[in-house]
Amino acid sequence: MSVPTSKAVSPDSGEHWAEPGAWKVAEGIHRIPLPLPMDGLKAVNVYAVETPSGLTLMDGGWAVPEGREALEKGLALLGAGVGDITDFLVTHVHRDHYSLAAVLGTEVGATVRLGSGERATLELVQRGEEGAMLHNLQVSGAQALIERWGDVGRPVQDPSHWRDPDIWLEGDTTITVGERSLAAIHTPGHTQGHYVYADHDAGLLFSGDHVLPTITPSIGFEPASTATPLRDFMASLTRMRALPDLRLLPAHGPVAPSVHARVDELLEHHEHRLALSLEAIRANPSTAYQVAGELPWTRHEHRFDTLDMFNGSLAVLETLAHLDVIVARGLATRTTAAEGDLFSAA
Ligand SMILES: [Zn+2]
C-alpha cells in the first residue's frame with residue numbers, strides 16, 4: 001500500500017509525541033497516537049504495519065469514541081480504513097490496548113491475538129469482578145483506599161470490549177506479518193500475559209508497556225494476581241538485554257533509539273526503589289500502605305497523600321510487589337496481620 005499523503009516528519013522528540021497523525025517510524029510502519037480521555041497517560045500508540053493484504057495493527061487502543069475517531073483519521077492519512085485491518089497483535093489485556101482491537105476485530109473480521117497469560121484476568125473482567133486487587137489492597141493495610149473504591153462503584157463493562165481473542169499466544173513464537181517475521185516474546189511483569197514483538201531484520205521492538213521511554217509501567221495492577229510480579233518484570237527486562245539492541249517503539253511516549261539503554265535505566269530504578277523500601281522497614285515493621293506513604297511517587301516525586309484513589313492504589317500495589325521481592329531475596333520477612341501484613345527487615 002502506498003502512503004503518499006502521510007507525513008514523513010514525526011514529533012518523536014519529547015512531549016509532542018501524542019499529537020494526532022500517522023507518523024512514519026520505518027518503511028511501511030506508522031505510529032498512530034490515540035487519545036486516552038480521563039487518563040494521565042495522554043495517548044496510546046497503535047502501530048500500523050503495511051502488508052500486501054492490508055494492515056496489521058500492533059495494539060488496538062481503547063474503545064472510546066475519541067480513540068476510534070483518531071484511528072480512522074490516522075488510517076485515512078495512509079489511504080486506508082478500518083476495513084483494511086487483517087490482524088491485531090495486542091501486547092496485553094489492559095483496556096487502552098485490547099478493547100478497540102476486540103471491537104474492530106469483530107466488526108471487520110480481523111484476527112486478534114493476545115497472550116494466554118491474560119486468560120484469567122480476562123475471565124474476571126468478563127464476569128465484572130475485581131479479583132485479587134481489593135484483596136491485595138486489604139493485605140497491604142490500605143483500608144482507607146478500599147473504602148474510597150466503594151464510592152466510585154464498579155464501572156459498567158461492555159462485553160464487546162472484553163471478548164476472547166481469536167488466537168491465544170503460548171510461549172515464544174514467530175508470527176509472519178506480510179514479508180516480515182516478528183518474534184513474539186512472552187514478557188510477564190506489567191501483566192502476566194504481556195508480549196513484545198521484535199522485528200529483528202528492521203531493528204525494531206514493539207514494546208507495549210513492557211519498556212516505556214519516560215515512565216515506568218505499573219506493576220501488580222491485575223485482577224488475576226501473581227506472587228512476584230516485580231520479579232517477573234525484572235526477569236523480562238533482563239531478557240530484552242539478551243536480545244540485540246533494537247529501536248524502542250513503545251505504547252506510550254516517543255520512539256527512542258535504544259531498548260538496552262532504557263532497560264538499564266528501568267532495572268536501576270527498581271533497584272533504587274527496592275533499597276528505599278528496605279530502608280523504610282528497617283526501623284519498624286510496616287505494611288505496604290505505610291511504606292508507600294514514605295516513598296516519593298512518579299518522576300515528579302509527589303507525596304503519596306497527594307495521589308488520587310486510583311493512583312494511590314497503583315502505588316500501594318507496586319510497593320507490595322517491591323516488598324515481596326525483598327522477601328524473596330531473603331532480606332525481609334512477611335507476617336500476616338489483621339490490619340495488613342507486616343514486613344520486617346531480616
Ligand atoms: Zn498502556
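As the structure lists them, so they are numbered: ligands from 1, and atoms in each ligand from 1. What you see is a predicted model; the values in this text were computed from it and never measured.
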**Q** Between the side chains of E69 and K73, is the shortest nitrogen-to-carboxylate-oxygen separation below 4.0 Å, so that they form an ion pair?
**A**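 Yes, K73 and E69 are salt-bridged.
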**Q** Which N/O/S atom belongs to D96 and is the closest one to the Zn ion (ligand 1)?
**A**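 Among the N, O or S atoms of D96, the one closest to the Zn ion (ligand 1) is OD2.
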**Q** Is it true that R329 and E271 make a salt bridge, defined as a side-chain N closer than 4.0 Å to a carboxylate O?
**A**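 E271 and R329: salt-bridged.
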**Q** Short check: any N/O/S atom of H92 below 2.8 Å from the Zn ion (ligand 1)?
**A**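 Within the cut-off used here (under 2.8 Å), H92 places no N, O or S atom near the Zn ion (ligand 1).
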**Q** Answer yes or no for H97: is there an N/O/S atom below the 2.8 Å cut-off from the Zn ion (ligand 1)?
**A**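 It does: H97 brings an N, O or S atom closer than 2.8 Å to the Zn ion (ligand 1).
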**Q** R262 side chain to A256 main-chain N or O, any donor-acceptor pair under 3.5 Å?
**A**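 Not confirmed, R262 side chain does not pair with A256 backbone.
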**Q** Do I281 and L342 sit in the same hydrophobic cluster, where Ile, Leu, Val, Met, Phe, Trp and Tyr count as joined when their side-chain heavy atoms come under 4.5 Å apart?
**A**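 Looking at the clustering, L342 is in a separate group from I281.
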**Q** Relative to the Zn ion (ligand 1), which of the N, O or S atoms in H252 is the closest?
**A**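 Relative to the Zn ion (ligand 1), the closest nitrogen, oxygen or sulfur of H252 carries the name NE2.
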**Q** So which of the N, O or S atoms of D209 lies nearest the Zn ion (ligand 1)?
**A**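 Output for this pair reads OD2.
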**Q** For the pair D164 and R119, find out whether any cationic side-chain nitrogen is under 4.0 Å from an anionic carboxylate oxygen.
**A**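 No, this pair does not count.
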